[in-house]
Amino acid sequence: MAIAGALAVLIRMAEVVPVADRPSYPCWIASVAREGSGVRIDFAAGAPVRPGEESIHAEAGASLSPSNSGHDGCTLSVLRRGKDIGIEAEAHLFVPGIMTEPEVRKVWIVAR
């Protein structure tokens, strides 16, 4: 039953957001911009965020862990690499009974 529920959520999310509007970054991130001594993270339209959290500010060194369910989520770390500041986004997805190990996607997104 849990597997069917997880798949139903993924299918509904895929149906709600047209392919052209889906973000190319993991974790529903649309963009990352420099803001003060930190960054502003803008989430894509249709992202599963609470109202008012479509855009958030985070300082260097912050670690955020939004979670969509007990089996998938993200870790967003605000880091400095040389002269750049940005986020390291790590998305993980695991569907019990279908996947034998979690799928992980990790990217470095430089703030513009």
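On a predicted model such as this, the values are computed, not experimentally measured, just so you know.
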Shortest non-hydrogen separation from [X] to [Y] and the atoms involved:
X      : Y     : result
Ala45  : Trp28 : O-CZ3, 4.0 Å
Asp42  : Ser55 : OD1-OG, 2.7 Å
Ile109 : Ala89 : CD1-CB, 4.4 Å

Counterpart residues, side chain to side chain contact (heavy atoms under 4.5 Å, CB included), relative to Ala33 (two or more places apart) |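 Residues passing side chain to side chain contact (heavy atoms under 4.5 Å, CB included) with Ala33: Arg40.
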What pairs with Ala58 under side chain to side chain contact (heavy atoms under 4.5 Å, CB included), at least two apart in sequence or on another chain?
->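 Checked Ala58 against side chain to side chain contact (heavy atoms under 4.5 Å, CB included); matches are Ala62, Leu64, Val78.
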About how many Å separate [atom2] of [Y] and [atom1] of [X], when rounded to the nearest 0.5 Å?
X     : Y      : atom1 : atom2 : result
Cys74 : Lys106 : SG    : NZ    : 13.0 Å
Ile85 : Ser37  : CD1   : OG    : 7.0 Å
Ile87 : Leu76  : CD1   : CG    : 5.0 Å

Just to verify, what does [X] make a side-chain hydrogen bond (donor to acceptor under 3.5 Å, both in side chains) with, not counting sequence neighbours?
X      : answer
Arg112 : none
Ser63  : none
Thr100 : none

Under the salt bridge (charged side-chain N to carboxylate O under 4.0 Å, His left out) test, residues paired with [X] that sit two or more places apart:
X     : value
Glu54 : none
Asp84 : none
Glu53 : Arg50

Supply the members, apart from Leu79, of the Ile/Leu/Val/Met/Phe/Trp/Tyr cluster built from side-chain contacts under 4.5 Å; use none for a lone residue.
->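 Members alongside Leu79: Trp108, Val110.
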Is Arg105 salt-bridged to Glu90, cutoff N-O under 4.0 Å?
->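 Not counted as a salt bridge, because no side-chain N and carboxylate O are separated by less than 4.0 Å.
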Using the rule that two of Ile, Leu, Val, Met, Phe, Trp, Tyr join whenever any of their side-chain heavy atoms come within less than 4.5 Å, decide whether Val104 and Val107 are in one cluster.
->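 In one cluster: no.
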